[in-house]
Peer 1: 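Submitted below is the structure of interest, expressed as structure tokens.
For this chain, numbers begin at 1 and follow the sequence in order.
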Amino acid sequence: MALPVIWLIGGPGSGKGTQCDQIVGKFGFTHLSSGDLLRAEVLAGTPRGVQLFRVMEQGLLVPDEEVVGLLKDAMGAKAGSTKGFIIDGFPANLEQAKLFEDMVGAPTKIIVFEVNEEVMKIRLKERSNFDDKPESILKRIETFTSQTRPVINQYAKAVIKINADRKPDVIFADVCKALEA
């Protein structure tokens with residue numbers, strides 16, 4: 001039987017990271033984040049990492065083929081030692097979704113965290129990561145709305161929406177229901 005592959009989609013500050021940690025703990029899934037994979041490849045200093053660094057350093061988007069390729073490689077490396085995959089913040093756009101289906105296969109489930117934009121802004125200001133500056137927060141929310149929302153619409157029949165403007169344990173209970181359904 002093929003391993004479950006879950007796409008977890010939500011705007012910046014919607015609580016994806018928090019929930020992924022709990023999913024890994026309860027379900028034994030491997031948590032994959034395209035951002036983490038890209039940073040790890042750059043830090044590894046591989047030829048691919050050097051190329052990626054040049055792109056990322058200029059603030060440009062990494063080509064979708066590279067992002068999906070990294071995910072595919074990471075999944076292949078973990079396939080024998082995991083109960084499934086939770087891919088966080090992916091796909092970022094329709095091109096990534098289509099490429100993933102072509103290169104890896106269709107996701108088993110798609111969970112979407114719905115949070116009001118104002119709540120996202122407040123959470124990101126409280127979190128204060130180096131990339132959580134006011135102008136970049138607005139840009140990331142705008143990118144989510146323009147690029148990622150179409151993915152949610154395209155896959156509407158498969159999407160499980162969860163209100164993520166609640167306490168983490170309440171959200172997790174709904175995530176568990178979605179994953180166990």
Side-chain angles (χ1 to χ4, degrees), residues 1-44 46 48-49 52 62 64-94 96-115 119-120 123-124 127 129 131 140 144 148 151-152 154-181:
M1 186 195 91
L3 292 168
V5 176
I6 314 302
W7 288 350
L8 180 59
I9 302 173
S14 61
K16 297 182 299 292
T18 302
Q19 294 300 322
C20 282
D21 293 344
Q22 293 193 54
I23 291 165
V24 167
K26 178 167 174 144
F27 294 94
F29 285 13
T30 296
H31 172 207
L32 296 176
S33 152
S34 53
D36 290 351
L37 290 170
L38 289 166
R39 283 186 286 276
E41 190 76 20
V42 167
L43 293 171
T46 62
R48 182 196 227 172
L52 292 172
V62 172
D64 295 326
E65 292 82 8
E66 289 290 340
V67 175
V68 176
L70 280 171
L71 283 168
K72 183 180 181 179
D73 292 351
M75 291 170 75
K78 294 278 191 184
S81 60
T82 189
K83 293 182 178 165
F85 298 96
I86 179 94
I87 308 179
D88 144 23
F90 181 88
N93 57 49
L94 283 167
Q96 284 183 0
K98 183 178 182 333
L99 267 173
F100 188 91
E101 287 208 45
D102 292 346
M103 291 171 67
V104 182
T108 314
K109 293 194 172 156
I110 304 169
I111 297 175
V112 175
F113 284 174
E114 291 291 359
V115 183
V119 173
M120 284 192 251
R123 285 183 182 176
L124 291 168
R127 187 171 83 176
N129 283 355
D131 57 345
R140 284 162 57 205
F144 175 77
T148 312
V151 175
I152 298 167
Q154 177 80 29
Y155 288 87
K157 287 186 181 74
V159 162
I160 303 158
K161 289 189 179 176
I162 293 178
N163 170 6
D165 187 10
R166 300 174 295 165
K167 296 215 177 313
D169 54 335
V170 179
I171 297 165
F172 188 61
D174 281 354
V175 169
C176 290
K177 277 185 215 147
L179 291 177
E180 289 163 352

Peer 1: Does some side-chain heavy atom of F85 sit less than 4.5 Å from a side-chain heavy atom of L71?
Peer 2: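 No; the side chains remain at least 4.5 Å from each other.
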
Peer 1: Would you say that N93 contacts Q96 through its side chain, given a criterion of any heavy-atom pair below 4.5 Å between the two side chains?
Peer 2: yes

Peer 1: Of all the heavy-atom pairs spanning F100 and F90, show the shortest one and how long it is.
Peer 2: CD1-CE2, 3.5 Å

Peer 1: Return the CD to CD1 distance between Q19 and I162, rounded to the nearest 0.5 Å.
Peer 2: 8.0 Å

Peer 1: Closest heavy-atom contact between L70 and L52?
Peer 2: CD1-CD1, 4.1 Å

Peer 1: side-chain contact (heavy atoms from CB on, under 4.5 Å), that's the test. Do K83 and F27 meet it? Break it down for me.
Peer 2: CA-CA 7 Å; K83 293 182 178 165; F27 294 94; over 6 Å; no

Peer 1: Please find the pair of heavy atoms, one from A164 and one from I171, that lie closest to each other, and give the distance.
Peer 2: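 Scanning both residues, the minimum pair turns out to be O-CD1, 3.4 Å.
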
Peer 1: Roughly how far, to the nearest 0.5 Å, is the CD1 atom of I86 from the OG1 atom of T108?
Peer 2: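 The CD1 atom of I86 is 10.0 Å from OG1 of T108, to the nearest 0.5 Å.
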
Peer 1: Considering non-hydrogen atoms only, spot the tightest contact between S14 and G11 and give its length.
Peer 2: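 Where S14 meets G11 most closely, the heavy atoms are OG-O, 2.8 Å.
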
Peer 1: Would you compute the distance between atom NE2 of H31 and atom CG of D88 and round it to the nearest 0.5 angstrom?
Peer 2: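 The CG atom of D88 is 3.5 Å from NE2 of H31, to the nearest 0.5 Å.
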
Peer 1: Looking at V151 and P91, what are the two nearest heavy atoms and their distance?
Peer 2: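 So the two residues come closest at CG1-CG, 3.7 Å.
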
Peer 1: With a 4.5 Å cut-off on side-chain heavy atoms, are E114 and N163 touching?
Peer 2: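 Sidechains of E114 and N163: no contact.
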
Peer 1: I'd like to check R140 versus L124 (side-chain heavy atoms, cut-off strictly below 4.5 Å). Are they in contact?
Peer 2: yes

Peer 1: So, do E41 and V62 sit near enough that their side-chain heavy atoms are less than 4.5 Å apart?
Peer 2: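 No, side chains not in contact.
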
Peer 1: Side chains of V5 and M75: does their closest heavy-atom pair fall under 4.5 Å?
Peer 2: yes

Peer 1: Would you indicate whether the side-chain heavy atoms of E66 and R48 approach each other to under 4.5 Å?
Peer 2: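 Of all side-chain heavy-atom pairs linking E66 with R48, at least one is under 4.5 Å.
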
Peer 1: Using atom types as modelled and distance alone, determine if a side-chain donor or acceptor of K16 lies under 3.5 Å from a backbone N or O of G10.
Peer 2: yes

Peer 1: Is the shortest side-chain heavy-atom distance between F144 and I9 below 4.5 Å?
Peer 2: yes

Peer 1: T30 side chain to T82 main-chain N or O, any donor-acceptor pair under 3.5 Å?
Peer 2: no

Peer 1: More than 12 heavy atoms of other residues, nucleotides or ligands under 6.0 Å from NZ of K98: yes or no?
Peer 2: no

Peer 1: side-chain contact (heavy atoms from CB on, under 4.5 Å) for F172 and I23? Distances and angles first, verdict last.
Peer 2: CA-CA 8 Å; F172 188 61; I23 291 165; 3.9 Å; yes

Peer 1: Might you work through the side-chain contact (heavy atoms from CB on, under 4.5 Å) test for R166 and D174, ending with a clear yes or no?
Peer 2: CA-CA 11 Å; R166 300 174 295 165; D174 281 354; 2.6 Å; yes

Peer 1: Partners of Q154 by side chain to side chain contact (heavy atoms under 4.5 Å, CB included), sequence neighbours excluded?
Peer 2: L94

Peer 1: Given K26 and L179, is the side-chain contact (heavy atoms from CB on, under 4.5 Å) satisfied, shown in steps?
Peer 2: CA-CA 11 Å; K26 178 167 174 144; L179 291 177; over 6 Å; no

Peer 1: State, to 0.1 Å, how close V42 and G49 come at their nearest heavy-atom pair, and which atoms those are.
Peer 2: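 Closest approach of V42 to G49, heavy atoms only: CG2-O, 3.6 Å.
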
Peer 1: Roughly how far apart are I87 CD1 and I111 CD1, rounded to 0.5 Å?
Peer 2: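 Spacing of CD1 (I87) from CD1 (I111) equals 12.5 Å.
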
